[in-house]
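Shown next, in structure tokens, is the structure this report addresses.
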Amino acid sequence: MACMSNGRSSPVNVIRAEVRDDFLFTFRGREAIGIRVLDPGVDAAHLHDWFNRDYARFWGMQHKSLEEVRTRLIKMLQRSDRELLMGVRLSTGERLFMLECYRPESDALGRYYAVQPADRGFHLIVAPPRHERVPDLTYFVMLALSGYLFRDPAVRRIVAEPDIRNHKMLVRCAQAGYELGKALYLPHKTARLISLTRERFAQLDCARAPPKPQLPPRAPLVSLHMTMGKLATLLVRVGGKLRLIKR
């Protein structure tokens with residue numbers, strides 16, 4: 001079964017008006033994921049909880065107050081160059097993930113790799129595990145967000161920059177067809193560039209279990225990249241103060 005997924009059925013326990021009518025992702029033959037626009041008024045409390053979990057430390061939002069989280073979400077929604085969305089489980093209305101979609105040429109990432117006009121970037125945070133565990137949920141979330149982005153025919157490639165220390169997420173990205181690229185020494189983190197082309201995505205089979213990917217490197221190579229990232233950040237700061245580097 002190819003991963004491109006359009007059309008929809010009526011959700012249960014979800015207000016129909018909230019869920020986008022142009023996208024539905026079905027997995028394991030019976031579960032379905034819908035997408036709706038994030039609402040800071042009702043979603044901020046959930047995201048505040050997610051951001052303060054240990055697994056979400058890569059977002060840099062720990063120890064933020066609920067009001068600080070809500071304010072940041074509102075500012076993100078006000079930007080015209082991106083979308084802020086919630087992925088929901090249609091059978092229950094449960095929030096599964098938050099997805100931020102953006103154009104790399106208008107983002108800081110665009111200064112660190114060769115942007116193509118048809119690229120689209122994303123940031124993702126997945127909900128913490130519930131009592132009722134869904135096997136391989138993060139893998140299917142990755143397939144769902146890819147399908148959502150590729151529903152736009154203008155998008156030819158998806159890119160992202162997970163923290164290089166986030167081994168679990170890099171594994172899931174690789175399982176979902178993403179190619180692991182070079183290390184990126186960003187000002188706020190050392191990351192790994194990942195990318196997925198439309199052609200590669202069209203060849204994936206969403207019906208099968210997650211394949212075994214080529215695993216990303218762990219320590220000591222990650223430690224080396226972290227050291228290089230800190231050095232690069234220091235050089236940029238010093239160069240900026242001396243006006244040798246234009247930031």
Side-chain angles (χ1 to χ4, degrees), residues 3-5 20 22-23 25 33 35-38 47 50-51 56-61 72-87 96-126 138-166 168-202 204 213 216 225 229 232-233 247:
C3 284
M4 302 302 287
S5 180
R20 295 188 62 120
D22 64 348
F23 180 80
F25 178 82
I33 294 174
I35 299 284
R36 64 169 173 79
V37 176
L38 185 142
L47 289 167
W50 298 4
F51 287 138
R57 64 189 182 278
F58 302 108
W59 273 76
M61 291 285 285
R72 177 170 174 178
L73 295 175
I74 292 172
K75 289 181 178 179
M76 292 166 71
L77 282 165
Q78 290 172 341
R79 296 187 58 168
S80 61
D81 61 344
R82 58 195 62 210
E83 292 181 287
L84 203 57
L85 307 154
M86 292 297 296
L96 297 178
F97 60 92
M98 185 193 80
L99 175 65
E100 180 188 8
C101 311
Y102 63 91
R103 296 181 180 276
E105 63 268 24
S106 64
D107 187 83
L109 176 62
R111 300 197 296 267
Y112 293 87
Y113 86 105
V115 179
Q116 297 178 10
D119 284 354
R120 196 71 84 248
F122 75 87
H123 297 130
L124 171 73
I125 181 170
V126 180
T138 304
Y139 166 72
F140 291 113
V141 163
M142 291 299 304
L143 296 178
L145 74 86
S146 300
Y148 177 80
L149 288 169
F150 279 131
R151 89 196 191 292
D152 181 352
V155 177
R156 305 302 305 177
R157 184 173 66 165
I158 302 171
V159 298
E161 77 303 15
D163 193 295
I164 201 168
R165 297 166 296 175
N166 197 347
K168 288 183 179 180
M169 180 55 70
L170 287 169
V171 169
R172 285 307 195 192
C173 291
Q175 287 177 317
Y178 283 79
E179 295 185 86
L180 305 182
K182 65 180 182 179
L184 301 176
Y185 306 117
L186 308 178
H188 60 292
K189 68 178 180 181
T190 298
R192 187 82 181 264
L193 181 67
I194 64 171
S195 63
L196 177 66
T197 63
R198 176 178 290 273
E199 292 74 19
R200 184 176 176 88
F201 180 68
L204 301 179
H225 281 306
T233 300
R247 291 184 290 180

Rounded distance [0.5 Å steps], CZ in Arg192 versus CE in Met169 = 15.0 Å
request  = Could you pull out the closest heavy-atom pair between Ala144 and Ile33, with the gap in Å?
outcome  = CB-CD1, 4.0 Å
inquiry  = Students often mix this up, so state it plainly: with edges at 30° and 60°, are the rings of His123 and Trp59 parallel, tilted or perpendicular?
reply    = perpendicular
request  = State the OG1-CG distance between Thr197 and Asp119, to the nearest 0.5 angstrom.
outcome  = 11.0 Å
task = Can you measure from CZ (Arg82) to CG (Asp107) and round to the nearest 0.5 angstrom?
result = 5.0 Å
inquiry  = So does Met76 get a backbone contact from the side chain of Arg79, meaning a donor-acceptor N/O pair under 3.5 Å?
reply    = no
key: pair Tyr112-Pro104: side-chain heavy atoms closer than 4.5 Å   = no
ask   = For the residue pair Gly87 and Ile35, what are the closest heavy atoms and their distance?
value = CA-CD1, 4.2 Å
query = With a distance cut-off below 6.0 Å to the six-membered ring centre and an angular limit of 45° from the axis, does Arg198 pair with Phe201 as a cation-pi contact?
reply = no
inquiry  = Once rounded to the nearest 0.5 Å, what's the spacing between atom CZ of Arg111 and atom CG of Leu184?
reply    = 12.5 Å
task = Please report the closest heavy-atom contact between Leu204 and Ala176, naming both atoms and the distance.
result = CD1-O, 3.2 Å
query = Are Met142 and Tyr139 close enough that some pair of their side-chain heavy atoms sits under 4.5 Å apart?
reply = no
ask   = Can you tell if the side chain of Leu73 reaches within under 4.5 Å of the side chain of Met98, non-hydrogen atoms only?
value = yes
ask   = Between the main-chain N or O of Glu161 and the side-chain N or O of Lys189, is there a donor-acceptor pair closer than 3.5 Å?
value = yes
request  = State, to 0.1 Å, how close Val159 and Leu109 come at their nearest heavy-atom pair, and which atoms those are.
outcome  = CG2-CD2, 4.2 Å
query = Does the Asn166 side chain pair with the main chain of Asp163, one donor and one acceptor, at a distance under 3.5 Å?
reply = no
query = About how many Å separate CG of Leu85 and CG of Leu124, when rounded to the nearest 0.5 Å?
reply = 11.0 Å
task = May I have the step-by-step check of side-chain contact (heavy atoms from CB on, under 4.5 Å) for Ser195 and Tyr113, ending in yes or no?
result = CA-CA 11 Å; Ser195 63; Tyr113 86 105; over 6 Å; no
Greater than 12 external heavy atoms within 6.0 Å of Arg200's CZ = yes
task = Of all the heavy-atom pairs spanning Met86 and Trp50, show the shortest one and how long it is.
result = CE-CH2, 3.9 Å
message = I want to check something: taking the side chain as every heavy atom from C-beta on, are Arg157 and Gln116 in contact at a cut-off of under 4.5 Å?
response = yes
key: Nearest heavy-atom neighbours spanning Ile194 and Tyr178   = CD1-CD2, 3.8 Å
ask   = So do the side chains of Leu99 and Val141 get within less than 4.5 Å of each other, counting heavy atoms only?
value = no
inquiry  = I want to check something: taking the side chain as every heavy atom from C-beta on, are Leu196 and Leu149 in contact at a cut-off of under 4.5 Å?
reply    = no
query = What is the distance from atom CG of Leu47 to atom CG of Leu84, rounded to the nearest 0.5 Å?
reply = 8.0 Å
